[in-house]
Amino acid sequence: MREKHRAVHAVFEFLLALIIIAAIYFVIRFFEQRDARTERLAKETETEYTWNDFPDETVKIKLGKKKYIFSHPVKTYLFMGTDKSGNEEGIGEEFQGAMADTLMLVVIDDQEKSYGILQLNRDTITDVPMLLHDGTSYASCEEQLCTAHWYGKDKKACCENTVNTVSKMLGGIPIDGYYALQMEAMPVLNHEVGGVTVTLEDDMTNLDPEMKKGATIKLTDKQAEILLHSRYDMKDDRNTERMRRQRLFLSAFLKIMKERNAQDVNNTIELYDRLREYATEGIDINELTSTLQSMNGYTDKGIITIDGESKIGTKLRDGKEHWEFYMDEDSLDSAMHTLYPLVLQKGKK
């Protein structure tokens, strides 16, 4: 079994910000590159189109012992951040996927005019397909969710394996597309906005003497990296604590981006273009463009997490102990009902 690297750098907050960046970029692309598919979307309502892709009889999920159907269609996109643990520049047998240390689902409900984000813990223990380089799966095993991105012949296959793993873990939800970003993009964000200002909630002076608890500082690129990825150097090295620090960066970063967008949209487009070399995309641009265009004024349900228990275990089978996260079924059920229009299937419990 491949050794798990401790330096996990991918960033949940960036991916949320990327939605805003992508929205602006895609809107411009929409008007510049209108094709036959876009014209058809303009004639159909979003609800009609979604039902064509995911008809009623296919949109069923199972949570615990209960089976549900969707009362109306929604759209779901998986955003991932990958670390450096693999060899994603390798060719053929030399290729090795990295770990998807940051995972979140963006759920858009056009009928209710709302959207929400489900933040998934990368340490969640779930059934992960173990793919060979020819694309076949020789087995599956219970491992941390992040390892799903290890398996596959190339970046796209690794992303698709992660999509399938997340879908199965959440009862079989359909996922419309994905976007994965390498951790190297992290310093770019802080640099491009001239440094994000935050008030630190943790003492991180063992990593940088300026990073005192309660201090308000404008982050250098290195400090941003420390804030966003530090875990094993902290007193509490659970992933849930790192996710909290990442949200601190996010709120400040988004404030700057919104101000810049209002002044000059071209800055955002240029940033998005610079990030493309770090990305693996599995999203239909025209479809997402149409969706993002319609989201203005939608209700934000916020960032939702699933409660559970973190404990040390050996599921990774590399001879070492690692944090493992076990979802609480009631919390999972509540999160899914918040984001999705679930109706108990008749005659099913």
Side-chain angles (χ1 to χ4, degrees), residues 10-13 15-19 50 54 59-81 100-128 142-146 148 162-179 238-247 250-251 291 295 298-311 323-345 348-349:
V11 184
F12 157 73
E13 282 79 11
L15 295 175
L16 177 58
L18 185 60
I19 299 173
T50 304
F54 299 110
V59 186
K60 299 177 182 178
I61 69 171
K62 183 178 181 180
L63 299 175
K65 296 182 180 180
K66 297 180 179 180
K67 295 182 179 180
Y68 299 93
I69 60 173
F70 289 6
S71 63
H72 57 267
V74 295
K75 295 176 181 176
T76 302
Y77 300 97
L78 178 63
F79 287 78
M80 297 167 271
D101 282 313
T102 300
L103 303 105
M104 74 173 189
L105 286 174
V106 178
V107 183
I108 304 168
D109 190 324
D110 290 315
Q111 183 163 316
E112 291 186 357
K113 298 189 181 305
S114 65
Y115 66 93
I117 297 155
L118 179 62
Q119 182 181 13
L120 300 172
N121 192 323
R122 50 89 69 198
D123 291 334
T124 303
I125 298 300
T126 190
D127 190 58
V128 176
E142 286 196 339
E143 292 183 341
Q144 284 92 339
L145 173 61
C146 61
T162 307
V163 167
N164 292 336
T165 301
V166 170
S167 174
K168 183 178 179 180
M169 185 181 79
L170 300 180
I173 59 168
I175 296 178
D176 299 73
Y178 64 81
Y179 189 100
R238 291 175 299 172
N239 189 53
T240 50
E241 292 302 299
R242 180 175 58 177
M243 291 162 70
R244 172 180 55 79
R245 289 188 289 273
Q246 292 170 351
R247 287 191 288 270
L250 170 64
S251 60
T291 298
M295 286 177 61
Y298 277 24
T299 299
D300 181 2
K301 294 182 179 180
I303 302 171
I304 298 169
T305 58
I306 300 170
D307 296 332
E309 180 183 7
S310 293
K311 59 183 181 180
W323 279 113
E324 299 173 356
F325 181 79
Y326 294 84
M327 295 187 295
D328 178 83
E329 288 190 6
D330 290 337
S331 181
L332 169 61
D333 187 86
S334 175
M336 296 296 287
H337 275 82
T338 299
L339 291 169
Y340 291 94
L342 303 180
V343 177
L344 190 64
Q345 199 172 351
K348 305 291 183 180
K349 293 185 178 181

### Audit row: Ile108, Tyr77, side chain to side chain contact (heavy atoms under 4.5 Å, CB included) steps and yes/no
CA-CA 9 Å; Ile108 304 168; Tyr77 300 97; 4.0 Å; yes
### Task
Using the side chain to side chain contact (heavy atoms under 4.5 Å, CB included) rule, take Lys301 and Val107 through it: C-alpha gap first, then chi angles, then the decisive distance, then the call.
CA-CA 10 Å; Lys301 294 182 179 180; Val107 183; over 6 Å; no
### Task
For side chain to side chain contact (heavy atoms under 4.5 Å, CB included), just list the numbers for Trp323 and Asn121, CA-CA rounded to whole Å, side-chain angles, deciding distance to a tenth of an Å, and then say yes or no.
CA-CA 11 Å; Trp323 279 113; Asn121 192 323; over 6 Å; no
### Task
Evaluate side chain to side chain contact (heavy atoms under 4.5 Å, CB included) for Leu103 paired with Thr124, printing each intermediate quantity in order.
CA-CA 11 Å; Leu103 303 105; Thr124 303; over 6 Å; no
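The backbone N or O of Asp127 lies less than 3.5 Å from no partner atom in the side chain of Lys168, so there is not a single donor-acceptor pair. The main-chain N or O of Val163 is never found under 3.5 Å from a side-chain atom of Ser167 such that the two would form a donor-acceptor pair.
At a threshold of 4.5 Å between non-hydrogen side-chain atoms, the residues Leu145 and Phe325 do not count as touching. Counting only heavy atoms from C-beta outward, the side chains of Leu118 and Tyr340 never approach each other to under 4.5 Å.
Around CD of Glu112, the count of heavy atoms belonging to other residues, nucleotides or ligands within 6.0 Å exceeds 12.
For the side chain to side chain contact (heavy atoms under 4.5 Å, CB included) criterion with Leu170, the lone passing option out of Ile61, Leu63, Thr76, Leu105 is Leu105. When each of Met80, Met169, Met104 is checked for a side chain to side chain contact (heavy atoms under 4.5 Å, CB included) with Leu120, only Met169 meets the rule.
Heavy atoms only, all atoms of each residue included: Val74 and Pro341 are closest at CG1-CD, 3.5 Å. Here the closest non-hydrogen pair linking Tyr298 and Ser114 is CD2-N, 3.5 Å.
Atoms CD and CD1, from Glu309 and Ile125 in turn, are 11.5 Å apart once rounded to the nearest 0.5 Å. Going from atom CD1 of Ile306 over to atom CG of Leu332 covers 5.0 Å, rounded to the nearest 0.5 Å. The line from CE of Met327 to OG1 of Thr126 is 6.0 Å long, rounded to the nearest 0.5 Å. Atom OH of Tyr115 sits about 12.5 Å away from atom CG of Leu339, to the nearest 0.5 Å. Remark: Glu324 CD to Glu143 CD distance equals 10.0 Å, nearest 0.5 Å. In this structure, the separation between CD1 on Ile304 and OG1 on Thr338 is 5.0 Å, given to the nearest 0.5 Å.
Inspection of the Asp109 and His72 side chains reveals an N or O donor paired with an N or O acceptor under 3.5 Å.
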